[in-house]
Amino acid sequence: MKSQLKTLAKVLKHSFSSLDTVQYPEQQPYLAPRYRGRIVLTRDPDGVERCVACNLCATVCPVDCIALQKTELEDGRWIAQTFDINFARCIMCGFCEEACPTHAIQLTPDFEMAEYDRQNLLYRKEHLLIDGTGKYHDYNFYQISGKQIAGKAKGAADNELPPVDIKSLLP
Amino acid sequence: MPEINIDGKTYQVAAGKNLLQACQELKLQLPYFCWHPALDSVGSCRQCAVLMFQNDEDTRGRITMACMTAVADGQRFSIEASKAQKFRQLCIEATMTGHPHDCPVCEEAGECHLQDMTLISGHIERRFQGPKRTHKNQYLGPFINHEMNRCIACYRCVRYYRDYSGGTDLNVFASRNNVYFGRAEAGILDSEFSGNLVEVCPTGVFTDKTYSQHYSRKWDLQSSPAVCVHCSVGCNIFPAERDGILRRVTNRYHPDLNGHFLCDRGRFGYDFVNHAKRTEHAWQRNNSSQTTEQLTSQQALDSFSSYLGNTEQLLAIGSSRSSLENNFCLQSLVGAENFYSDNSAQLETQLHNLLCYYRDIQPSSDLKKLEASDAVLLIGADVTQSAPRIALSIRQMIKNAGIAKAATIGVAYWSAAEVQNIRQDLKSPLHIISNHSTRLDDVACSIDNSHPAQQLALINKICSYLSEDKSSDAEVSIQENSIAARAKAISQDLLRAEKPFIVTDIHAGQSVELFVASLKLSAILYRQNKHAGLICAVPWANSLGLALLNSRQQNLDSVLQRLEQRTVKTLVILETDLYRYCPTEKMDLLLADVANIIVLDHLITPSAEQADLLLPSASFAEQHGSWVNFEARLQNSVKCFTPAKQRRPAHRWLTANTPFHSIVKDLSGVADCLSDLPSLYSIQSADFHSARKTVRESGRTALHSYIDIKDIQPEIDLDSNYQHSQEGVASNLDASQSPAYIWSPGWNSSESLNQFQHSVSGAIQGAHPGLLLFAKGQADSTCVAENQPADSIKDPPADSKSLLRALPYQHIFADEELSSYVANIKQLSPTDSIKINALQAQRLGLVANQLLDYCFAAANGSLIENNQTQRTAALPLSIDDSIATGVVLLPALLLQRAAVSGDCWLKLAAIDSAAEESADA
């Protein structure tokens, strides 16, 4: 008897507590910047696509939902010719972001991706690519890589010596 | 067998090897860079350091390099001792200080020996924060990409390129931390075997440029154990596909054939599979409406069988570049009496001669035996151009004298630098008898580029020396440099050798007498020395296989004859291009009179353009098939990927979907020697199949989503034990059949081969070496080849002195049909020219680079009428002083296309350029 009253009191008490239910979509929840939602492809600080089509994101993806094809730009950069993510399969685990050596692929706090037609859940490169740097503002892979591209000769990357003069006899 | 102790465990190892080889055979994880199973040890990279103990009491031990330590009974080593581990780790850390931050944009990443070894040696964190050294790159041609920053100075590239393959234009420059591996100046690599640099380089300095153009990581590739189709050697390869595109070809180790290395035609000539001119749909010409209609597969089959309804005036041509099964299906469909090969009468006879010879006189030899031989006589064949892998083996043979010398003073064969030092200029004898200079001249000890008649005299003389009793050597004074003297020198080398080899080949336009004489010579040699061998290259990948099926010897000459007689109403052409065997205008005329032309091919060849019905067949990578190589070794090639659209293997068009296994079964009944064929294709009762795709394949649920987001079921292969998916046993776990790709945990590069072998030069576990069709020769029986008289070569038709004997010159990148569709290969094929020597040119009043008109003359002396397009067919003259007087060299394809039966002569005439200009105006 005592416990029944106690229960009633507890239930009654809840009718005066504040609501947990959120009036979505009028009311948007707070999502932290590191929330793992819709995937984007970002650009270098100088505006060029960051993705070098190294395939690591696709490899690490546990549901194999990323497929891409490498091609090369005239300036020598590797770049993705196609970049497809099948969001019908994606589990937003964020492994791809962790694996990405160029900070190109990033997960964003956006989860509103519902579609009536499942085919629309395939995001191709034009749907993924954004115009900014995302979460990492300064990173520029080709400034660190030893690979030569137009506008960055051998020895011009960060922390590099000028090209060896193989004819030099100096010790 | 010596017993050694490694880390407290006792192992029995093979004697005469070094510790690194022993560790590999024991599957112990010991890193290395500079050692390579084919290049042996130099001990420069310091990666295979182990601790060696003096005796049982020794607890300190000393660091020694495993690759430089011969195993001996009672030795005690430690791989895991912290001192040795630390040493290896520090070494690789020092190596890695200059290595760039490149892996994401490096083609090698994911199959990089440096990545693997860094992990094995335990260097997992970079401490060095200083600046990295950089190097400028060079352009090295259309095949190889150069990125010198990544170099770790292991010296493998120059050791392979210079010491193994005999190249001269790649070298090492500068010293210490500055060493540079490249050419003196940027330019196309000269060697025909440059592609192997990609696999030899343990990191990404040399990478495959053609692969990079449609790049995919190694783990995403679908592979299968296949056989190369670009020449008659039948090197074993792994074709690798992703998303319907053949991405690259890599070497598949076969101990008796290609070993670790391929030629550039085999490695880079694969792109014809992806060519824009590949056939994808069945087409039918509608003559009434002047249109070409696309058919469904069923319509195409119906149409095909209606064409074949009338077997009268039916003629079918098989193909030397198609599998045995395809040719067999065509033969059984049209009947043997209507089945013709795509060889000229002369080639067909030679191929049958060779088969007889293998069967009755001397069993065939493989390249491993050639590499172990100690004297070679090369007759008439420019093998570097026609069957390049043979030339690479001959280069290894040269070193045997040096290895033998080193052995006499106790230096093991695997100590490469020491052996090289001892060897100096010592060479095992290589004698060349050829029409012109060849790429092997630099290692030959005698070269004879005389007129075919003199060559024949020389060979006959050698024969007589060989068959003579050796005691009657004391002959009267022989003039120096006379044929007799040369013959004597050569025959002495052949008699002195323990394992002498004759190397020759069959090719269009050659002098038949010479070929027959070289078979005779080989037979005499074999009668005296049972270790003697014969290597005879044949024109194309399945030339011998086709000859085996075509026992009636019906050939292309009779095809042309029947076409000329207008007795062909329905012509079926299987994967061959008739325009390669006949002048274009003549062929156009001949084909115009054929009512129905049916072509099965995977490329739109000039012949396919003439087809009334075109059935799209599959390339070698898209079908199972058997191939017979130059030594009559029957090998099976496993399908790599499913053909797209309406493409399907020719045998499926020809038999309307008869299961592959019943075709194989029927085929095995054709000849006694083929009776074991089904064993190559046996479907085991195992529970699991092998996977063609790797366990780490990516993008499975996204790759084809743009077509349909629902997953597509992978095709199920009922014809083999391999599946087109990741399902099944990974290749490293299945030792029951040839692996579909080479990968083992921790060993991502092609070096993982050692995880698949029992011994360093042993076969891949489970891989079928192929069936040798004529393994036993009986020395006493007679053969056609020997009975044919070969004493003289016909003189040129007497009436005209200006006639020159026309002989072909071959080129690795120009002659073969399929690779000639590949843009990169085409880029390297030389411009056609007519070659004669300077003296001859002077006599005829011709100068180099002058445009020449030419006219063929048949054996009876009558000039063969030149066609109307003689102006476009005019060729520039190039002077080559290695050619004998009285001989003119023409591009092999051009000579083949001239379709002159038997020996042919050529009349040259300068084109009057002024007259031509006025004619043009």
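Chain naming here is simple, since letters A, B, ... match the order of the sequence lines and numbering starts at 1 in each. Quick caveat, the model's predicted, so the values are computed rather than measured.
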Quiz item: With chain B, which of A:L122, A:V52, A:D165 has the greatest number of heavy-atom pairs at distances under 4.5 Å?
Solution: A:L122
Quiz item: Given a strict heavy-atom distance threshold of 4.5 Å, which part of B:F173 is in contact with chain A: side chain, backbone, both, or neither?
Solution: side chain
Self-check item: Contact summary for A:P101 and B:P104, nearest pair of heavy atoms
Solution: CG-CG, 3.5 Å
Quiz item: Tell me, which pairs form a ring pair (Phe, Tyr, Trp, His ring centres under 6.0 Å) where one or both residues lie in residues 44-67 of chain A, sequence neighbours left out?
Solution: none
Quiz item: Is a side-chain donor or acceptor of A:T59 paired with a backbone partner of B:S698 at a separation under 3.5 angstrom?
Solution: no
Quiz item: Within a strict 4.5 Å, meaning less than it, do heavy atoms of the A:T82 and B:Y706 side chains meet?
Solution: no
Quiz item: Rounded to the nearest 0.5 Å, how far does NZ of A:K70 lie from OG of B:S212?
Solution: 2.5 Å
Quiz prompt | Shortest non-hydrogen separation from A:G146 to B:E147 and the atoms involved | solution = O-OE2, 4.4 Å
Exercise. Indicate yes or no for a side-chain donor-acceptor contact from B:R217 to the backbone of A:C54 under 3.5 Å, with no hydrogens or angles considered.
Key: yes
Quiz item: Got a sec: does the CD of A:E74 have more than 12 other heavy atoms crowding it under 6.0 Å?
Solution: no
Self-check item: Heavy-atom contact with chain B under 4.5 Å, split by part of A:I66
Solution: backbone
Quiz prompt | Backbone N/O of B:S705 and side chain of A:Q119: donor-acceptor pair under 3.5 Å | solution = yes
Quiz prompt | Residues which pass side-chain contact (heavy atoms from CB on, under 4.5 Å) with B:T694, listed by chain and number, not counting sequence neighbours | solution = B:W219, B:R696, B:E697, B:Y741
Quiz item: Which residue out of B:I709, B:D711, B:N149 racks up the most heavy-atom pairs below 4.5 Å with chain A?
Solution: B:I709
Quiz item: Is chain B contacted by the side chain of A:Q69, its backbone, both, or neither, given a heavy-atom distance below 4.5 Å?
Solution: side chain
Quiz item: Is a side-chain N or O of B:T134 found less than 3.5 angstrom from the main chain of A:L161, in a donor-acceptor match?
Solution: yes
Quiz item: Do A:K154 and B:N137 come close enough that some side-chain heavy atom pair is under 4.5 Å?
Solution: yes
Quiz item: For B:R126, does the CZ atom have more than 12 heavy-atom neighbours from other residues, nucleotides or ligands under 6.0 Å away?
Solution: yes
Quiz item: So which part of A:C65 gets closer than 4.5 Å to some heavy atom of chain B, the side chain, the backbone, both or neither?
Solution: both
Quiz prompt | Between CG on residue A:N86 and CG on residue B:L703, distance to nearest 0.5 Å | solution = 11.0 Å
Quiz prompt | Interface residues of residues 176-185 of chain B facing chain A - heavy atom cut-off under 4.5 Å | solution = B:R176, B:N178, B:Y180
Self-check item: Partner chain B: residue of A:R124, A:Q81, A:E72 with the largest heavy-atom pair count (under 4.5 Å)
Solution: A:R124
Practice problem: Answer yes or no: does atom CG of A:D46 have more than 12 heavy-atom neighbours from other residues, nucleotides or ligands under 6.0 Å? | Solution: yes
Quiz item: Can you pull out the residues in residues 93-100 of chain B with any heavy atom less than 4.5 Å from chain A?
Solution: B:P100
Quiz item: Is there a donor-acceptor contact under 3.5 Å from the side chain of A:N159 to the main chain of B:Q129?
Solution: yes
Exercise. Below 4.5 Å from any heavy atom of chain B, which atoms of A:R89 appear? Answer side chain, backbone, both or neither.
Key: side chain
Quiz prompt | Atom CD of B:E727 with >12 non-hydrogen neighbours under 6.0 angstrom | solution = no
Quiz prompt | Atom pair CG (B:D102) and CD1 (A:I144), whose distance is rounded to the nearest 0.5 Å | solution = 11.5 Å
Quiz item: Is the shortest heavy-atom distance from the side chain of B:H101 to the side chain of A:F141 under 4.5 Å?
Solution: yes
Practice problem: Go through the atoms of A:L68 and report whether side chain, backbone, both or neither lie under 4.5 Å from a heavy atom of chain B. | Solution: neither
